[in-house]
Amino acid sequence: MDKENDTERPINVHLSSTEDEQLLHTSGDIGNYFQDEGGSLNFFTRVDSAEIIYHERPKKAKIIGNYLIGHVLGEGSYGKVKECLDTESLSRRAVKILKQRQLKRIPNGVSNVKREIILLKKLHNKHVIKLFDVFVSEEKQKIYLFMEYCVGSLQSMLDNVESKCFPLWQAHLYFVQLIDGVDYLHSRGIVHKDIKPPNLLLSLDETLKITDLGVAEELDMYSKVDCCSLSQGSPAFQAPEIADGAEYFSAFKADVWSCGVTLFNITTGKLPFMADNIYKLFECIVKCEYTIPELDSPHCTDCIKGMLKKDSTERFSIKDIKSHEWYRRKLGRSKEYVPPPPYNKDDMLRRMSVIPNLEILYMEESAESETEVELQHVEDYKKASRQHSNDNKKKGSSVKNFSGSFCKLS
Amino acid sequence: MYSCWNGWKILRRINEILNSNRQSANDISKEEILASNPAELCNINLYRFGPLIGSSCENSVNIYAAERKDTKKPVAIRCVNLEYLKIPLSLLEDELQITGRLHHPNILSFLCSFTNDSYIFTVTNHMSYGSCRDLLHAHFKGGLPEQAIAYILKETLRGLAYLHKQNIVHRSLRGSHILVGSQGRVKLSGLRYCRAIDHLEPTHLSSGRRVIHDFPDVGFQSSLIWASPELLEQNLAGYTVKSDIYSLGITACELANGGPPFDDMPKMRMLLEKINGIVPMLEDSKTVPSCDRTFSNNFHLMVESCLRLDAHTRPRAVELLHDDFFKVTKKRSISEALPELLLPIRPLSRLERGHESDYEFLSNEMNNITCAETIEWSF
């Protein structure tokens with residue numbers, strides 16, 4: 001276990017990387033330092049950095065809680081999203097790793113994450129991303145959110161094609177699901193406030209999942225109006241009343257506007273409002289002047305117009321959209337299709353990226369002892385996460401269930 | 001687990017499903033059971049409860065042997081305690097709905113289902129030999145005789161072919177879900193994880209085939225050993241009804257070897273081996289020199305064809321029915337041969353004395369359950 005703890009500290013990352021065959025590449029002198037435990041700090045002053053950087057780190061299967069971690073799926077300002085595998089149910093998951101240090105730098109970062117977790121835990125819908133587990137590692141200053149595995153966002157799919165837009169049938173397929181998801185959120189009194197293609201993910205069976213509820217807001221259960229006063233969403237997708245700086249605005253209608261801009265974007269490949277800076281952009285939005293490029297479907301154009309009405313009382317409600325011809329009429333699949341972007345060219349099917357790690361865990365004879373350590377680690381995490389059954393104040397457990405840990409923060 | 005209001009809503013929902021099932025069952029009215037009105041059967045006091053014969057889902061689902069008080073007909077009753085249900089309710093809803101639609105001699109149908117207190121009771125025919133797993137446990141620790149396997153698997157395949165014809169994937173085909181009754185009746189159960197694929201559209205990446213991507217991630221742990229590599233892989237290719245054929249291959253190994261392959265290793269290792277194309281085999285003198293059993297060549301070939309990594313090259317269920325392996329079953333009828341092959345195990349025909357119990361026994365049990373979590377009210 002001692003060795004394990006060592007590698008957790010960032011300073012010793014290279015130390016672990018020089019075990020085994022890596023050691024051969026460095027000079028004998030350096031090797032001696034590793035036998036000498038006290039000398040690890042000197043190491044950095046004496047080794048040419050090129051030598052370390054260009055060595056690949058030895059691959060090691062990493063297990064957090066009961067999840068085996070795989071490759072990186074994406075990166076954001078808060079940290080990374082990695083693929084992972086539930087070691088018990090064998091289901092594929094994704095983990096969002098948030099670095100607390102980076103979170104503190106983002107305005108409202110910590111409170112947004114807290115809100116997202118609280119909201120996601122009580123939402124259960126096909127079109128809203130599911131949150132399975134939350135772990136907090138105080139040692140590493142990281143928060144791990146284990147969620148449904150998705151193949152990518154609508155944005156990442158659009159980025160991959162020249163036209164930057166979907167064929168109409170595909171746009172319709174996603175739009176219908178988006179509206180269903182938003183309808184569910186609204187029925188639970190939740191306003192998303194940041195609907196845009198990067199926040200709409202697709203699962204393996206092309207089910208759309210709304211994600212990133214960081215700036216979402218839960219309305220008061222007993223209030224009869226959906227008033228809202230704050231918005232932190234992306235500027236290009238904001239409704240005129242928000243751009244105008246209105247004190248209060250109808251929150252549900254603001255989401256409808258963002259859905260409208262999203263539909264505009266995925267069918268035409270363009271944004272209705274664009275400007276060099278945010279002031280000019282807001283000016284554009286408030287004027288509400290835009291032109292819809294010609295689309296094959298007059299229904300779609302009509303629907304966009306209805307959703308992008310400047311006056312929020314004239315704007316479509318979710319109910320209006322659901323009875324609109326564009327929502328109701330199903331379009332047949334054509335040959336034109338924008339696929340989810342592959343990780344690399346050989347892997348159109350999105351195969352599991354944890355398989356190499358599994359091989360490390362089970363196939364290499366030398367890894368046998370390591371495996372044991374890792375599995376012991378799992379035990380530790382598991383004990384820590386079972387908050388209700390046992391006290392989580394157990395000494396040495398570095399990871400705690402989210403609610404326990406954040407209670408302290410708040 | 002559920003608050004009072006929630007529980008009430010759930011019961012109403014279940015009852016709605018049950019009522020609609022009952023109506024559809026009346027429409028068909030071909031089966032002998034349906035000749036009598038099932039609504040009459042939906043009374044817990046009609047049955048005398050016997051011993052517990054099985055349980056699943058972490059003991060939140062119990063199966064009791066029972067008999068009808070009026071006709072003395074043996075039945076099995078499954079009791080699902082909604083208060084302590086460990087699997088999502090939607091699975092049970094799906095099971096009730098799908099099973100209500102299926103009518104085939106090789107599929108265990110529900111005689112009736114009804115709710116009482118916080119329980120859902122499901123009455124089925126009593127299968128006197130129990131499941132194939134029970135057979136292995138009771139006597140055939142080293143595996144069933146090859147002929148018995150042929151008879152059992154052939155009947156299983158008939159059920160499977162029927163499911164596949166309806167575009168339904170069983171997904172949890174395994175020894176414990178194949179039940180054997182007196183006179184060699186073999187029925188497929190465990191339809192909880194069934195999934196219909198007829199409503200799905202062929203996607204572009206599956207080259208125009210209808211595929212499923214859904215991974216049963218709750219309560220499915222025990223069935224993972226039988227799951228096909230493509231189901232476990234959870235990638236964009238998805239899986240089809242051929243996934244069940246792989247499970248059939250694993251089940252064949254289970255019945256022949258006395259236990260399923262991959263049973264001795266961690267789940268993740270099993271996943272790795274399956275994806276890497278390691279094919280389990282029948283253990284006999286041809287594959288394991290120390291073994292003194294010998295299976296026929298046809299059996300080996302049949303298992304090999306089921307366990308192919310490439311799902312498209314696996315035979316379909318209807319094709320498998322004509323496999324050479326099943327020729328041995330043509331000599332004698334199953335009702336004559338199977339009980340003989342299964343000796344010394346004899347079917348459990350009557351409720352054994354000393355185990356008799358009544359519904360009151362159950363209600364006592366219910367009273368004994370203490371609240372696991374104290375409910376706090378805050379206003």
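Residue numbering restarts at 1 for every chain, and letters A, B, ... go by the order of the sequence lines. Side chains are part of it too, since the values below use all heavy atoms of this structure and drop only hydrogens, waters and symmetry mates.
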The test is side-chain contact (heavy atoms from CB on, under 4.5 Å); show your working for B:M268 and A:V354 and say whether it passes. CA-CA 10 Å; B:M268 286 201 293; A:V354 293; over 6 Å; no
Do B:K267 and A:E88 pass the salt bridge (charged side-chain N to carboxylate O under 4.0 Å, His left out) test, and can you show the C-alpha distance, the side-chain angles, and the key distance before you say yes or no? CA-CA 7 Å; B:K267 292 270 154 47; A:E88 279 163 25; over 6 Å; no
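When all heavy atoms of A:R92 and B:N235 are compared, the closest pair comes out as NH1-CA, 3.8 Å. Scanning both residues, B:L224 and A:S89, for their nearest heavy atoms gives CD1-O, 3.7 Å. Shown here for B:R269 and A:Y362, the closest heavy-atom pair between the two residues is N-CE1, 3.7 Å. Pairing each heavy atom of B:Q234 with each of A:L204, the nearest pair is O-CD1, 3.0 Å.
Atom NZ of B:K165 sits in a sparse spot, with 12 or fewer heavy atoms from other residues, nucleotides or ligands closer than 6.0 Å. Shown here is A:D159, whose CG atom has more than 12 heavy atoms of other residues, nucleotides or ligands within 6.0 Å. Around the CZ atom of B:R133, the shell of radius 6.0 Å holds no more than 12 heavy atoms that belong to other residues, nucleotides or ligands.
With B:L272 as the fixed residue, the side chain to side chain contact (heavy atoms under 4.5 Å, CB included) test singles out one of A:I355, A:L361, A:N357: A:I355.
Of the atoms belonging to B:M270, it is side-chain heavy atoms, and not backbone ones, that fall under 4.5 Å from chain A. Proximity to chain A (any heavy atom under 4.5 Å) is shown, for B:L232, by both the backbone and the side chain. In this structure, no portion of B:F220 lies under 4.5 Å from any heavy atom of chain A.
The shortest side-chain heavy-atom distance between B:H213 and A:T207 does not fall under the 4.5 Å cut-off. The side-chain heavy atoms of A:M352 and B:L271, taken from C-beta on, include a pair separated by under 4.5 Å.
Annotation: the span from B:I275 atom CD1 to A:L358 atom CG amounts to 7.5 Å, rounded to 0.5 Å. Rounding to the nearest 0.5 Å places CZ of B:F215 at 8.5 Å from CG of A:D86.
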